[in-house]
Structures are given as C-alpha cells and as structure tokens.
Amino acid sequence: QVQLVESGGGLVQAGGSLRLSCAASGRTFSSYTMGWFRQAPGKERGFAAAISWSGGSTYYADSVKGRFTISRDNAKNTVYLQMNSLRPDDTAIYYCAASTRLVVAAINYGMDYWGKGTLVTVSS
C-alpha cells in the first residue's frame with residue numbers, strides 16, 4: 001500500500017508558475033512509476049505526466065509538453081511537477097498516482113494508487 005499526499009496547488013495568473021509536490025509513504029517509493037493526472041471542471045481525468053522509477057524516462061501529454069516538468073527525489077519519497085507558462089485551461093484538480101507497472105503500461109492501463117488531489121486555478 002502507498003499513501004500519496006499532494007501539495008502546492010493554488011491560484012496563479014496566466015503565464016505564472018507553480019510547483020506541485022507529492023509525498024509518498026508506505027512501500028518502497030523508488031520501485032514505483034509515478035504520474036500526475038488532472039481533471040478540469042466538467043471533464044474526465046486525464047494524463048499529464050509520468051516518470052519511471054529511476055527518473056530516467058519521462059512522458060508528457062501534448063498539452064503540457066515544453067511547459068511542465070516531472071521529476072522525483074527517491075531519497076525524499078517525493079515526486080514534483082514544475083508547471084510554467086500556465087494557461088487558464090490548465091485549471092484542474094491535479095492528482096498524484098503510483099503504479100507498479102512500467103511507465104508506458106502504467107499510462108495505458110492505469111495506476112494503482114491515487115492521492116486526493118490539489119486544486120490549481122489559473123486566472124486570465
């Protein structure tokens with residue numbers, strides 16, 4: 001079992017930046033693929049970014065590529081999402097997730113554990 005707690009959400013103006021953090025506890029963090037997903041108002045939850053257990057591979061949705069950066073610190077059991085050049089359509093609840101699958105399989109077939117989410121609001 002893995003417990004995930006997100007932090008760092010808030011209100012930011014368009015063009016601004018935020019850094020989300022996800023602290024994990026439970027089983028060995030470094031063995032998990034980690035990801036960030038988001039759910040905008042009135043929409044289904046969708047993939048934003050993912051990172052392999054070692055941090056050597058990262059994947060991004062086209063909508064965030066070049067603006068968001070996912071990273072992890074296995075010594076601190078934490079995964080981050082640096083979000084730059086934020087736009088109003090980035091407004092969403094952002095969820096941290098963990099999977100025992102390799103990154104591509106985790107993105108395609110689902111994550112095993114989820115946090116409760118943190119709200120990011122981007123004003124125009």
Side-chain angles (χ1 to χ4, degrees):
Q1 189 78 10
V2 176
Q3 291 79 44
L4 303 171
V5 179
E6 303 95 335
S7 62
L11 174 64
V12 63
Q13 289 189 332
S17 298
L18 278 177
R19 188 194 197 200
L20 305 184
S21 299
C22 172
S25 61
R27 292 182 60 187
T28 306
F29 173 77
S30 60
S31 66
Y32 285 91
T33 288
M34 299 298 297
W36 288 95
F37 293 72
R38 62 183 186 177
Q39 186 169 18
K43 296 186 177 181
E44 293 187 354
R45 187 164 58 188
F47 169 73
I51 188 167
S52 63
W53 64 271
S54 68
S57 297
T58 56
Y59 295 83
Y60 298 93
D62 287 343
S63 58
V64 308
K65 200 172 295 183
R67 300 186 299 122
F68 291 10
T69 302
I70 188 171
S71 62
R72 66 190 297 162
D73 186 337
N74 287 342
K76 295 183 178 180
N77 283 10
T78 303
V79 63
Y80 305 98
L81 187 67
Q82 178 66 44
M83 305 185 295
N84 299 329
S85 302
L86 283 161
R87 310 184 304 217
D89 62 357
D90 293 317
T91 295
I93 299 174
Y94 283 73
Y95 297 91
C96 175
S99 175
T100 56
R101 299 180 177 92
L102 296 178
V103 181
V104 175
I107 294 169
N108 291 328
Y109 299 112
M111 309 296 279
D112 301 308
Y113 304 101
W114 294 87
K116 293 183 178 181
T118 185
L119 177 63
V120 172
T121 303
V122 184
S123 63
S124 57

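Note that the structure is predicted; figures quoted are calculated from it, not measured.
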Residue pairs meeting salt bridge (Lys or Arg N to Asp or Glu O under 4.0 Å), one or both in residues 112-124, sequence neighbours left out, come to Arg101-Asp112
Taking all heavy atoms of Tyr94 and all of Leu81, pick out the closest pair and write down the distance.
CD2-CD2, 4.1 Å
Sequence neighbours left out, what pairs pass disulfide (SG to SG under 2.5 Å) with at least one residue falling in residues 32-70?
none
Once disulfide (SG to SG under 2.5 Å) is applied, what residue pairs with a partner in residues 51-124 remain, sequence neighbours excluded?
Cys22-Cys96
Can you give me the closest heavy-atom contact between Ala24 and Val2, atom names plus distance?
CB-CG1, 4.3 Å
Could you list all the ring-ring contact (aromatic ring centres under 6.0 Å, His included) pairs where at least one residue sits in residues 44-78, not counting sequence neighbours?
Phe37-Phe47
Between Trp114 and Ile51, is there a shared hydrophobic cluster once you connect ILVMFWY residues whose side-chain heavy atoms come closer than 4.5 Å?
no
Determine which pairs satisfy salt bridge (Lys or Arg N to Asp or Glu O under 4.0 Å) with at least one residue from residues 7-16, sequence neighbours left out, and list them in order.
none
Could you state the interatomic distance from CG (Leu4) to CG (Asn77), rounded to the nearest 0.5 Å?
10.5 Å
Rounded to the nearest 0.5 Å, how far does CD1 of Ile70 lie from OG of Ser52?
9.5 Å
By side-chain hydrogen bond (donor to acceptor under 3.5 Å, both in side chains), which residues pair with Ser17, not counting sequence neighbours?
Asn84
Counting only heavy atoms from other residues, nucleotides and ligands, does the tally under 6.0 Å from CG of Leu11 exceed 12?
yes
Minimum heavy-atom separation for Ala40 to Thr91, with atom names?
CB-O, 3.6 Å
Arg87: partners by side-chain contact (heavy atoms from CB on, under 4.5 Å), with sequence neighbours left out
Arg67, Asp89, Asp90
Just jot down the side-chain hydrogen bond (donor to acceptor under 3.5 Å, both in side chains) partners of Asp62, sequence neighbours excluded, or say none.
Lys65
Answer with yes or no whether the hydrophobic clustering places Met34 together with Val120; edges join I, L, V, M, F, W, Y residues whose side-chain heavy atoms lie under 4.5 Å apart.
yes
Please determine whether residues Val64 and Leu18 belong to a single hydrophobic cluster, defined as Ile, Leu, Val, Met, Phe, Trp and Tyr linked transitively by side-chain heavy-atom distances below 4.5 Å.
yes
same_hphob_cluster(Tyr32, Met111) at 4.5 Å side-chain heavy-atom cutoff
no
Residue list, side-chain hydrogen bond (donor to acceptor under 3.5 Å, both in side chains) with Thr69, at least two apart or on another chain
none
Taking the side chain from Arg45 and the backbone from Tyr95, do they hold a donor-acceptor pair closer than 3.5 Å?
no
Please list all pairs meeting salt bridge (Lys or Arg N to Asp or Glu O under 4.0 Å) that have one or both residues in residues 9-20, counting only residues at least two apart or in different chains.
none
Test of understanding: clusters of I, L, V, M, F, W, Y form through side-chain heavy atoms closer than 4.5 Å, transitively. Do Val79 and Ile93 belong to the same one?
no
With sequence neighbours left out, the residues meeting side-chain contact (heavy atoms from CB on, under 4.5 Å) with Ser71 are Tyr80
Do you know which two heavy atoms are closest between Ala14 and Ser124, and how far apart they sit?
CB-CA, 4.3 Å
Residues two or more places apart in sequence or in another chain: which of them pass side-chain contact (heavy atoms from CB on, under 4.5 Å) with Ser7?
Ser21
